[in-house]
Structures are given as structure tokens and as C-alpha cells.
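To start, the structure under review is shown below, and the notes come after it.
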Amino acid sequence: MLRGSGRGFLSRDRFDELASSTGDTTVRELSRRVRVRDVASILYTSGTTADPKGCMLSHEAMTRGPVERARYRLGTGGRDVTWSPGPLFHIATLAPFLGSVGAGGTFLTDVHFEPGRALELLMGEEVTVAFPWFPALTQPLLDHAEFDPRRLRSLQTMFLIGPSVLLERVQTLLPDCELVAACGMTETAGIYAMSEPQDSVELRATAQGKAYPGTEIRIIDVDTGEDAGAGGTGEILVRGFCVMEG
């Protein structure tokens with residue numbers, strides 16, 4: 001069921017109106033023409049260069065990883081309630097949205113981020129998977145007058161990248177919630193490396209996991225092209241199903 005209205009949202013009535021004008025036969029016929037490596041979307045990213053680039057992302061790249069994670073890695077493994085406060089044009093929110101839909105779960109977001117409104121969703125809807133991602137979003141939630149860890153006991157998984165002092169605080173407040181560190185970018189349709197359940201809080205604060213299944217990662221010396229040694233600095237190379245077509 002779709003709920004919500006306002007700028008950036010399609011109402012349930014409008015969705016039903018559009019759906020009624022398209023028969024099931026048409027949908028099935030069109031879907032059978034799609035190849036997994038056909039380009040599904042072009043998402044623009046500027047990274048740290050402020051020079052926007054359009055990433056051509058395939059159907060497989062955009063759906064395989066998010067749906068796999070939603071079904072087998074995150075939350076309860078059932079029909080999870082997933083929350084992400086970012087815009088849906090950004091891969092960091094679009095990927096969890098597609099994963100939630102693909103796994104038959106419920107996805108929650110808003111037209112803008114405000115800590116009080118966010119907490120109402122997190123606690124009222126008993127969210128099981130949360131994507132606050134960074135300290136700039138997590139800190140205001142923790143410091144809000146309405147924050148009550150007892151009402152967030154449903155949380156099973158939280159994606160959070162930040163300093164160890166923040167991760168330790170969150171883990172103390174939510175001892176049964178797994179804090180997940182990950183590395184990703186638009187060019188790889190989101191996540192290409194993730195922490196593992198047994199990783200310590202210290203490791204999650206200083207590293208961003210290992211290659212996600214189906215991907216390969218190398219870190220090379222940019223001058224020699226050879227693998228960088230342990231502790232060395234280099235360029236990250238990623239190969240796998242998630243990588244953009246161009």
C-alpha cells in the first residue's frame with residue numbers, strides 16, 4: 001500500500017488511476033523484453049569534484065544487491081520496515097527503497113529531514129532497518145528530547161558511518177541493533193563493500209567492510225599499477241555486477 005502526498009510523492013489515488021489504464025498483459029509483455037544489463041536509469045553524481053557525471057545503471061546493478069541484502073542480510077529477514085531520510089534521486093536512499101519493495105517490505109521516508117518527525121516514524125512504525133548513514137543525521141536524533149531507546153527496540157540493523165565515540169554511544173543505547181559500515185558510490189549502484197556481523201565496533205569505525213558477494217576489489221599504487229601493500233594508500237578498483245555500464 002502506498003501512503004503519503006505532497007511535493008515529490010505520487011498519491012495512492014493517482015497511482016491507482018495510472019495503473020487502471022495499463023493492463024497486466026501489457027506489464028508482463030514489457031517486462032519480458034527487459035535484459036538484466038539494459039540501462040534502467042541514469043543517476044548523476046559529482047562526488048568530490050563538483051563535476052556532474054551521469055552513471056548508466058543497469059536493472060541488475062540497481063536491484064540485485066539491494067534485494068539480496070533486504071531478503072538475506074538486513075533486519076529480521078522477514079517483511080522489514082525500512083527507513084531512510086535521503087532523497088530518492090540519491091542512490092543511498094533509492095537502493096534501500098528498491099530492496100524494500102523487492103523483498104515485500106515497507107519503506108518510510110519524508111519530504112525533508114527533521115529529527116522530531118523522523119523519530120515519530122522510527123518509533124511509531126517500529127522500524128527494523130534504518131539508514132541514517134552519517135553523524136549529521138544520527139546526532140540530532142540522539143540529542144532530541146523525544147529520543148527514547150526503549151521505543152526503538154524493533155531496530156535490528158542500522159547503517160552508520162562515523163567516529164568510534166558515536167558508534168559506541170549508539171551501540172550502548174541500542175545493544176541489540178547491528179551497526180553496519182559500508183562503502184559505496186553511484187558508479188557501483190550503491191554498496192560494494194560491507195562489514196560483517198562479527199566485526200567489532202572499533203573495526204566498523206575504522207574500516208568499511210569487505211567486498212560484497214559478486215564483486216571484486218583491488219587497491220593499487222597509482223604510479224606502478226601494482227597492488228598496494230597492507231596499510232598503503234592507493235586507488236580502489238571495483239569489478240562486478242553492480243558496476244555502471246558507462
Side-chain angles (χ1 to χ4, degrees), residues 1-12 15 41 43-48 50 52 55 62 66 69-70 74-75 80-101 103 105-174 177-186 189-191 194-195 204-205 208:
M1 178 178 177
L2 300 173
R3 287 189 296 161
S5 60
R7 184 171 58 85
F9 284 87
L10 192 68
S11 71
R12 179 59 189 259
F15 181 87
S41 181
L43 297 187
Y44 283 83
T45 178
S46 60
T48 55
C55 298
M62 293 186 68
R69 289 188 286 272
L74 309 178
D80 285 287
V81 180
T82 300
W83 171 82
S84 183
L88 282 167
F89 63 74
H90 196 290
I91 195 64
T93 296
L94 180 57
F97 166 71
L98 293 173
S100 179
V101 170
T106 298
F107 182 81
L108 303 173
T109 188
D110 208 337
V111 293
H112 69 275
F113 175 75
E114 193 282 317
R117 286 164 61 100
L119 283 172
E120 285 182 20
L121 280 176
L122 286 162
M123 297 187 295
E125 301 298 330
E126 298 185 341
V127 168
T128 56
V129 181
F131 286 80
W133 283 117
F134 302 114
L137 295 174
T138 307
Q139 200 70 53
L141 294 174
L142 300 179
D143 295 338
H144 196 276
E146 297 299 318
F147 177 81
D148 183 355
R150 294 170 300 179
R151 295 185 60 194
L152 292 171
R153 289 175 180 168
S154 60
L155 268 176
Q156 302 288 313
T157 309
M158 179 185 292
F159 277 77
L160 180 56
I161 301 168
S164 57
V165 63
L166 176 61
L167 270 66
E168 289 169 358
R169 181 185 178 192
V170 173
Q171 196 68 88
T172 299
L173 291 169
L174 304 169
C177 178
E178 179 192 355
L179 302 184
V180 177
C183 195
M185 54 186 173
T186 311
I191 291 170
M194 265 180 81
S195 59
R204 295 164 204 261
Q208 291 179 291

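The first residue in the sequence is number 1, and the count goes up from there.
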Next on the checklist: Does any part of the side chain of R169, heavy atoms only, come nearer than 4.5 Å to the side chain of L173, both counted from C-beta?
Outcome noted: yes
Checklist entry - Taking all atoms of both residues into account, what is the closest heavy-atom pair of P96 and I91, and its distance? => result CD-O, 3.9 Å
Checklist outcome for this item: Residues pairing under side chain to side chain donor-acceptor pair (under 3.5 Å) where one sits in residues 85-101, two or more places apart or in two chains, turn out to be S84-T93
Checklist entry - Do F131 and T82 come within less than 4.5 Å of each other through their side chains, counting heavy atoms only? => result yes
Item to check | Side-chain touch L74/Q156, heavy atoms, less than 4.5 angstrom | outcome: no
Item to check | Flag, side chain of W83 to backbone of V129, donor-acceptor distance under 3.5 Å | outcome: no
Next on the checklist: So, using side-chain hydrogen bond (donor to acceptor under 3.5 Å, both in side chains) as the criterion, who are the partners of R153 when residues are at least two apart?
Outcome noted: none
Checklist entry - Should we say atom CD of E146 is surrounded by more than 12 heavy atoms from elsewhere, each under 6.0 Å from it? => result no
Item to check | Closest non-hydrogen atom pair between P140 and P135, with its separation | outcome: CD-O, 3.8 Å
Next on the checklist: Please give me the minimum heavy-atom distance between F89 and L43, naming the atom from each residue.
Outcome noted: O-CD2, 4.1 Å
Checklist entry - Which heavy atom of V81 sits nearest a heavy atom of V127, and at what distance? => result O-CG1, 3.4 Å
Item to check | Student check: side-chain heavy atoms of T138 and L160 closer than 4.5 Å | outcome: yes
Item to check | From L119 atom CG to L152 atom CG, the distance as rounded to the nearest 0.5 Å | outcome: 7.0 Å
Next on the checklist: Once rounded to the nearest 0.5 Å, what's the spacing between atom CZ of R204 and atom CD of E168?
Outcome noted: 12.5 Å
Checklist entry - If you round to the nearest 0.5 Å, how far is CD1 of I191 from CE of M185? => result 13.0 Å
Item to check | Value rounded to 0.5 Å, distance of CZ in F113 from CG in L137 | outcome: 5.0 Å
Checklist entry - Out of curiosity, F107 CZ to L98 CG, how far, rounded to the nearest 0.5 Å? => result 9.0 Å
Next on the checklist: Would you say that P132 contacts F134 through its side chain, given a criterion of any heavy-atom pair below 4.5 Å between the two side chains?
Outcome noted: no
Checklist entry - Taking the side chain from Q171 and the backbone from L174, do they hold a donor-acceptor pair closer than 3.5 Å? => result yes
Item to check | Residue pair A95 / A189: nearest heavy atoms and the distance that separates them | outcome: CB-O, 4.4 Å
Checklist entry - Excluding sequence neighbours, so at least two apart, what forms side-chain hydrogen bond (donor to acceptor under 3.5 Å, both in side chains) with E178? => result R73
Next on the checklist: Between the side chains of D80 and R69, is the shortest nitrogen-to-carboxylate-oxygen separation below 4.0 Å, so that they form an ion pair?
Outcome noted: no
Checklist entry - Less than 4.5 Å apart, any side-chain heavy atom of T128 and any of M158? => result no
Next on the checklist: Quick one, L122 and L141 - any side-chain contact, counting heavy atoms below 4.5 Å?
Outcome noted: yes
Checklist entry - What pair of heavy atoms forms the shortest contact from G75 to T157, and how long is it? => result N-OG1, 2.8 Å
Checklist entry - Heavy-atom distance under 4.5 Å between the side chains of P85 and T109, does that happen here? => result no
Item to check | Heavy-atom donor-acceptor pair, S195 side chain to A181 backbone, under 3.5 Å | outcome: yes
Checklist outcome for this item: When rounded to the nearest 0.5 Å, the distance separating SG of C183 from CE of M194 is 12.0 Å
Checklist entry - Should R151 and E126 be marked as a side-chain contact (heavy atoms from CB on, under 4.5 Å) after you check the CA-CA gap, both sets of side-chain angles, and the distance that decides it? => result CA-CA 8 Å; R151 295 185 60 194; E126 298 185 341; over 6 Å; no
